[in-house]
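Notes follow once the structure below has been shown.
Proteins come first, then strands; the chains are lettered A, B, ... in the order of their sequence lines, and each starts at number 1.
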Amino acid sequence: MAMHRNKTMIGIGIAVICYLLGPFVLSDYMLYLINLAAIATIGAVGLNILTGYTGLIAMANGAFIGVGAYTAAVLYTKLGVPFLLTIPIAGLMTAVVGMIFGIPALRLRGFYLAMSTLAAQILLMFVFNNWTSITSGERGIFLSPPNLFGISLVGDRGFFFLTVGIAALGMLLSHNLFKTDTGRAFIAIRDRDIAANIIGVDIFKYKLTSFAISSFYAGVAGALFGFYMTYVSPEAFGLNVSIDYIAMIIVGGLGNLWGGLLGAVFVVILPEFVDKVIEFVGQFIPMEYTFAAFRQLVFGLLIIIFLVWEPKGLTEILRRLFCWLKAKIFSPRSEVESLE
Amino acid sequence: MFIQALIAGIAVGSVYALIALGMVLIYKASSVINFSQGALVMIGAYITYAVVTGIPAPLWITIPIAIVLSALLGVVIERLIFRYMTGVDLIAVIMVTLGISFLLEGSTTAIWGTLNYSFPKILPEMSFSLGGIHISEVYIWSFIFSMVILVMFTLFFKYSKIGLRMRAVADNQKASISLGIHPGKMISLSWAISCVVATIGGVMLANIKLLNLGLSGIGILVFPVVILGGLDSIIGAVLGGFIIGILGSLSAVYAGGLMGGAVDQVVSFVILLIILLVKPYGLFGTKETLRL
Amino acid sequence: MSETLLKVENIHLTFGGLKAIDGISLDVCNDELVSLIGPNGAGKTSTINCICKFYDIDSGQIFFNGENITRLKPHQVARHRISRSFQNLDLFKGMTVLENIKLGAHINIRSGILSDLLYYGKTRKEERELEDFIVEKIFSLFGLSKYRNKHVGSLPYGLQKKIDIARALAARPKLLILDEPVAGMNSDETKEITEDIQKIREADISILLIEHDMDLVMNISDRIYVINFGENIADGTPQEVTANSDVINIYLGKSFEN
């Protein structure tokens with residue numbers, strides 16, 4: 001037990017050092033990727049709470065992130081709300097919207113529930129595009145770089161502390177949640193909701209709560225995204241984004257704390273990686289229509305391979321890898337003995 | 001104006017019906033909900049285009065080739081992917097079919113690019129006037145095709161041996177094995193037929209509009225159709241297709257000016273939401289029962 | 001005469017065209033162990049499903065501790081301190097043994113969502129107290145300590161049955177409903193469960209038991225209700241019931257005439 005504690009302390013120590021030094025050591029491009037991955041992590045951890053742990057399939061994460069982004073943008077540009085304050089308010093607003101769209105989910109299951117969230121995605125996109133008095137429709141909203149305590153947060157470096165910090169906080173809260181009764185209620189709803197109901201869990205209340213928490217995360221991610229990009233427009237919140245987030249939690253690992261993080265990193269990094277490979281290969285083989293097509297192709301292929309090969313996701317693959325490594329490192333003697 | 005919209009709606013609706021039929025078929029045979037149906041429509045159209053323009057042979061040779069290729073695609077997808085995914089959660093199934101649609105869309109873009117192509121006229125010319133309004137032959141053929149396929153499917157499932165076997169497999173795989181039915185073969189068959197139907201729909205659609213990547217976008221409208229009609233109902237798919245098609249067309253014509261693009265999508269999904277709240281299994285779907 | 005804890009009054013239940021329950025009445029008093037027996041399909045599980053409000057009854061009333069619980073929702077019924085085990089176990093496969101049992105105590109948890117997210121204050125205290133309670137009282141009763149962090153799906157059937165009952169106990173119920181707790185068990189396991197049930201009784205918990213194992217039922221019940229085709233056939237003490245000729249004809253068979 002004590003050894004476990006020390007290992008955790010060392011791990012946290014290393015993480016804190018990386019966090020403080022990171023922006024001064026890494027290139028701007030790396031920081032950019034990390035920032036995007038951190039924002040995606042927030043959204044993915046939130047979605048995992050709803051879909052991975054509570055078992056409610058939701059296809060509207062993109063639109064909910066949009067709600068957060070637009071809320072923050074409107075508060076900042078039209079009402080002069082200070083930057084830092086817009087983030088939690090965006091979260092709350094999205095939580096409310098999430099609960100409203102969660103109401104049809106109360107009586108629906110599985111595919112039908114997913115369909116109601118798909119409707120939410122379509123309807124919200126329509127609102128983004130057409131409620132021009134608030135959202136400026138396709139033109140989008142421009143945000144001037146925010147100030148935090150007088151220091152201008154331009155650039156990847158400044159944002160790094162904010163996005164990674166909030167992502168870590170989000171993971172901590174999620175970790176806490178599933179040590180407690182609320183978290184257990186969520187999992188029970190996923191596994192056997194009728195039995196949970198009979199045991200005393202108010203299914204309606206907890207499903208709505210799950211929607212609220214998940215949407216809060218999405219709203220926060222949206223606000224951060226909007227400020228980071230300094231621009232908010234509907235294309236960034238479409239169905240393809242929602243699908244990306246589902247891919248993240250499946251690839252990362254459903255119902256697992258690290259699933260959101262691993263999946264987010266995977267989905268954010270993959271297109272960049274594919275681009276680099278295509279660039280390299282393109283020197284030898286002439287290719288047209290390259291980047292977008294191959295990104296999609298490789299993404300689709302990897303999703304399929306993942307799901308056929310290891311439906312439990314990256315967390316399971318890594319876990320098995322660690323076990324194998326541990327066995328190799330800590331008991332090589334067994335190999336020697338077996339030879340005799 | 002109204003009649004124009006109505007006719008266009010019926011035509012588009014017949015395409016929706018075809019696509020929905022494909023989805024219902026796969027669901028009936030294997031309880032898989034295929035989110036890549038739209039992508040199959042698109043690639044079916046492209047395959048047909050490639051075969052018809054690429055092979056210098058008369059249509060009565062090239063079209064069957066295209067159909068066989070589509071059927072093969074369906075079997076390949078089923079064999080390579082779904083064979084290994086029995087008993088998996090719904091969300092994994094959804095994601096895999098989405099992965100398939102990315103793969104198909106990506107491949108299509110990689111091979112044919114993002115340009116628009118005009119689809120060769122493969123349907124016999126036919127002029128038709130209703131009350132002084134000219135109706136394009138494409139619309140008529142779409143309608144005819146979907147009606148014919150509807151009748152064929154209904155008869156097939158009700159009366160043919162294979163149809164009966166397919167229903168048995170969908171109902172209870174283990175029991176059907178003990179009866180000597182090959183679930184694998186039945187499911188492959190359902191995918192093959194589904195792809196062929198999608199191809200026909202794709203060709204119709206490409207004739208009505210253009211051949212481009214946007215064809216897969218129709219995939220999303222199949223959901224209001226199957227929710228309205230019922231996920232496991234053939235009649236529901238067809239009726240639902242027409243209703244959504246007509247309502248979509250009418251709303252695009254009358255409300256499109258007011259509210260901007262994609263009104264038909266929004267209207268269809270509002271209908272979807274209403275159905276979910278009122279009668280989730282649709283007009284003709286079968287209800288699931290829960291046990292404690 | 002002890003107070004009536006549970007009173008089921010002339011309930012009726014129809015499925016489609018089928019009458020599953022046609023006027024069943026029963027009651028359980030404080031500190032009693034009452035058994036509900038009858039052939040398969042008699043309506044036993046349906047009756048307790050009605051008590052737990054999984055089904056809505058067509059007519060009749062159900063009272064618990066004097067309160068009318070007929071129109072309540074399932075989770076509200078649980079709040080009255082009625083717990084049950086399930087015929088199909090219905091354990092939460094995604095959680096460990098300890099977590100499953102902890103959720104059983106859901107109705108007793110007071111800390112809110114915000115406190116849970118922060119794992120702070122009330123939540124921490126309640127979690128610790130709950131865990132202590134479970135380890136001291138429940139684990140020791142069933143011998144589950146060494147399985148506390150195992151996932152329930154990987155455990156043998158007999159153990160899962162015990163966990164199901166343990167989960168029901170975590171709520172500290174006034175009435176515990178057991179739905180065929182020894183079904184599928186050998187005689188050793190049955191003996192263990194019988195002893196466990198005795199210990200539960202010592203903790204002042206009333207029990208409503210559904211079982212087919214006649215030895216068990218005759219040994220530990222205070223009173224027995226016999227039902228068939230959704231109707232009451234007979235009730236009384238074990239001696240009275242075994243002497244009842246209707247019961248012998250329908251259900252027990254001639255060997256019970258001694």
Side-chain angles (χ1 to χ4, degrees), chain A residues 1 45-46 48-49 51-55 88 91-92 95 99 106 169-214 216-217 220 253-256 312, chain C residues 48-49 51-54 73-96 98-120 122-124 126-127 130-131 152-153 164 167-168 170-171 173 177 179:
Chain A
M1 278 294 139
V45 168
N48 214 352
I49 293 177
T51 300
Y53 286 98
T54 316
L92 283 170
M99 282 200 282
L106 297 181
L169 181 63
M171 288 182 67
L172 179 63
L173 294 185
S174 177
H175 174 67
N176 285 341
L177 191 63
F178 293 103
K179 286 198 292 188
T180 67
D181 185 71
T182 306
R184 290 191 288 267
F186 286 170
I187 299 176
I189 292 178
R190 177 192 71 195
D191 290 346
R192 279 270 188 276
D193 58 348
I194 300 174
N197 200 7
I198 293 186
I199 285 175
V201 176
D202 183 346
I203 304 282
F204 283 12
K205 170 175 156 200
Y206 281 90
K207 279 187 183 177
L208 277 183
T209 306
S210 191
F211 264 98
I213 296 178
S214 175
F216 184 86
Y217 273 75
V220 167
L254 287 169
N256 186 303
K312 291 213 192 110
Chain C
I48 60 174
N49 281 345
I51 298 172
C52 296
K53 298 318 303 306
F54 177 55
K73 298 213 188 93
H75 64 273
Q76 292 168 320
V77 169
R79 287 250 178 79
H80 282 262
R81 296 278 163 100
I82 302 178
S83 287
R84 66 174 283 185
S85 71
F86 296 87
Q87 211 172 26
N88 295 319
L89 297 183
D90 278 335
L91 292 177
F92 305 118
K93 295 273 161 83
M95 296 200 268
T96 62
L98 181 58
E99 286 167 344
N100 263 276
I101 299 176
K102 274 187 177 177
L103 188 63
H106 176 81
I107 57 173
N108 295 325
I109 301 274
R110 295 273 160 264
S111 50
I113 291 145
L114 213 53
S115 161
D116 281 355
L117 281 169
L118 299 172
Y119 200 64
Y120 163 81
K122 212 178 197 177
T123 301
R124 219 177 241 195
E126 276 188 326
E127 286 292 311
L130 180 57
E131 204 163 309
V152 294
D164 187 21
R167 178 178 60 178
I177 304 179
D179 195 349

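To the nearest 0.5 Å, the span separating CZ on A/R192 from NZ on C/K93 amounts to 6.0 Å. Rounded to the nearest 0.5 Å, atoms CD1 (A/I198) and CD1 (C/I51) are 11.5 Å apart.
Applying the side-chain contact (heavy atoms from CB on, under 4.5 Å) criterion to A/A196, with sequence neighbours excluded, gives A/A188, A/V201, A/I203, C/F92.
Residues C/H106 and A/Y206 meet the side-chain proximity criterion, which asks for heavy atoms closer than 4.5 Å. Contact of the C/I113 side chain with the A/I213 side chain is registered, since non-hydrogen atoms from C-beta on lie closer than 4.5 Å. With a 4.5 Å cut-off on side-chain heavy atoms, A/L172 and C/Y119 do not count as touching. Annotation: side chain of C/K102 is in contact with side chain of A/R184 (closest heavy-atom distance under 4.5 Å).
Between chain A and the residues C/M95, C/R167, C/R124, the largest count of heavy-atom pairs under 4.5 Å involves C/M95. Interface summary for chain C: among A/L177, A/I187, A/D181, A/I199, the most heavy-atom pairs under 4.5 angstrom belong to A/D181. Chain C forms the most heavy-atom pairs under 4.5 Å with one residue out of A/T180, A/T209, A/L173, and that residue is A/T180.
Applying the ring-ring contact (aromatic ring centres under 6.0 Å, His included) test to every pair with at least one member in residues 172-205 of chain A, sequence neighbours left out, gives these pairs: A/Y53-A/F178.
Contact annotation for C/E99: both backbone and side-chain heavy atoms come within less than 4.5 Å of a heavy atom of chain A. Using a 4.5 Å cut-off between heavy atoms, C/L91 contacts chain A through its backbone alone, with no side-chain atom that close. In this structure, the portions of A/T182 lying under 4.5 Å from any heavy atom of chain C include both its backbone and its side chain. Proximity to chain A (any heavy atom under 4.5 Å) is shown, for C/S83, by neither the backbone nor the side chain.
Minimum interatomic distance between A/G200 and C/A78 (heavy atoms only, all atoms of both residues): CA-CB, 3.5 Å.
Other residues, nucleotides and ligands contribute at most 12 non-hydrogen atoms within 6.0 Å of the NZ atom of A/K312.
Checked by atom type and distance alone, the side chain of A/D191 pairs as donor or acceptor with a backbone atom of C/G94 at under 3.5 Å. Between the side chain of A/N176 and the backbone N or O of C/L117 there is at least one donor-acceptor pair closer than 3.5 Å.
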